[in-house]
Amino acid sequence: MAAASPLSWNFSCSSQLKMGGTLHGESAFPTGNGSGLTILAQKKAKKTRKIILKEDVTELGKKGELLEVKAGFYRNFLLPLGKAQIVTPLLIKEMKIEEERIEAEKRRVKEEAEQLALVFQTVGAFKVKRKGGKGKQIFGSVTAQDLVDIIKAQLSRDVDKRIISLPEIRETGEYIAELKLHPEVTAQLRLNVYAN
């Protein structure tokens, strides 16, 4: 009998019959010249899960992101803390609807900011009274809070003072202030400062 390699077995006619082989000389196993069966090694399958993050996870991704992570990481960390969910067709559909709603809200906010910018530009110059000093000098200065109060009095609009960018105003004259109403929309206001 010939020496067999570690991954092959030799079968004789009698062993085929004992193991449930077929009759009439047919072989139950494919046989080659060495009448042996060769087994090939298979790669270990990688176990990953497609997930959607429910909240921001440091060094992994932001809320709503579609990711593929290892099964153990999902099972042992993300799932117990409620930070992720397995992807399903229904969940993907809900995500698309939510994204469309968020985009529509962003467009609406931008349109409102553009309309408000148009209102500020059509109003003309806002008049600011200050106590006068020598020449063109005024006592104190005009601040963002002063401008907020003037806008509220004249236009009945509430504006956050943090979005107002003013030059330093310590003299009478005409100045331009900028309001950042939206990351993509900036309005310019004319201020007419005079002493009383």
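None of the values given here were measured: they were computed from a predicted structure.
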Next on the checklist: Assess the residue pair L67 and Y74 against the criterion (side-chain contact (heavy atoms from CB on, under 4.5 Å)); give the C-alpha distance rounded to whole Å, side-chain angles, the decisive distance to 0.1 Å, and a yes or no.
Outcome noted: CA-CA 11 Å; L67 298 171; Y74 169 74; over 6 Å; no

Checklist entry - When you look at E114 and L118, which way does the side-chain contact (heavy atoms from CB on, under 4.5 Å) test go after all the steps? => result CA-CA 6 Å; E114 288 171 346; L118 188 62; over 6 Å; no

Next on the checklist: Could you walk me through whether Y194 and K129 satisfy the side-chain contact (heavy atoms from CB on, under 4.5 Å) test, starting with their C-alpha distance in whole Å, then the side-chain angles of each, then the deciding distance to 0.1 Å, before giving a yes or no?
Outcome noted: CA-CA 5 Å; Y194 62 96; K129 289 183 195 175; 3.0 Å; yes

Item to check | Check against salt bridge (charged side-chain N to carboxylate O under 4.0 Å, His left out), K96 and E100 | outcome: CA-CA 6 Å; K96 286 181 182 175; E100 289 171 2; over 6 Å; no

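The neighbour count for E105 CD, taken as heavy atoms of other residues, nucleotides or ligands under 6.0 Å away, is above 12.
Between L147 and A177, the shortest heavy-atom distance links the atoms CD2-CB, 3.9 Å. In this structure, I138 and E171 approach most closely via the heavy-atom pair CG1-N, 4.0 Å. Contact detail for I150 and K127: the closest heavy-atom pair is CD1-O, 4.2 Å. Across all non-hydrogen atoms, the minimal contact from M95 to I52 is SD-CD1, 3.0 Å. Closest of all the heavy-atom pairs between N196 and K131 is OD1-CA, 3.5 Å. Considering all non-hydrogen atoms of both residues, K83 and V57 come closest at CD-CG2, 4.0 Å.
Note that CZ of F120 is 12.5 Å distant from CD of Q115, once rounded to the nearest 0.5 Å. Taken to the nearest 0.5 Å, the CD atom of Q188 stands 10.0 Å off from the CG atom of L179. The CZ atom of R162 sits 4.0 Å away from the CG atom of D160 when rounded to the nearest 0.5 Å. Atom-to-atom distance recorded for K110:NZ and E112:CD is 13.5 Å, nearest 0.5 angstrom. Here the CD1 atom belonging to I51 is positioned 7.5 Å from the CD1 atom belonging to I86, to the nearest 0.5 angstrom. If you take CD on E65 and CG on D56, they are separated by 9.0 Å, rounding to the nearest 0.5 Å.
L189 and L155 fall within the same hydrophobic cluster, defined by Ile, Leu, Val, Met, Phe, Trp and Tyr side-chain heavy atoms under 4.5 Å apart, directly or through other members. V119 and V185 are not part of a single hydrophobic cluster, where members link through side-chain heavy atoms under 4.5 Å apart. Transitive grouping of hydrophobic side chains (ILVMFWY, heavy atoms separated by less than 4.5 Å) brings V148 and L181 into a common cluster. Under the 4.5 Å side-chain heavy-atom criterion for ILVMFWY residues, no single connected hydrophobic cluster contains both F126 and I176. Residues V123 and L116 share a single hydrophobic cluster, defined by chaining ILVMFWY side chains whose heavy atoms lie under 4.5 Å apart.
In this structure, L53 and K63 have side chains that are not in contact, with every pair of non-hydrogen atoms separated by 4.5 Å or more. Side-chain contact between F73 and L60: present, with at least one pair of heavy atoms (C-beta onward) separated by less than 4.5 Å. Within the 4.5 Å cutoff, the side chain of K106 has heavy atoms near those of the I102 side chain. Looking only at side-chain heavy atoms (C-beta outward), R130 and D146 come within less than 4.5 Å of each other. Between Y175 and L166 the shortest side-chain heavy-atom distance does not fall below 4.5 Å.
Looking only at atom types and distance, the side chain of E68 has a donor-acceptor partner in the side chain of T48 under 3.5 Å away.
A salt bridge links E98 with R101: at least one charged nitrogen is closer than 4.0 Å to a carboxylate oxygen.
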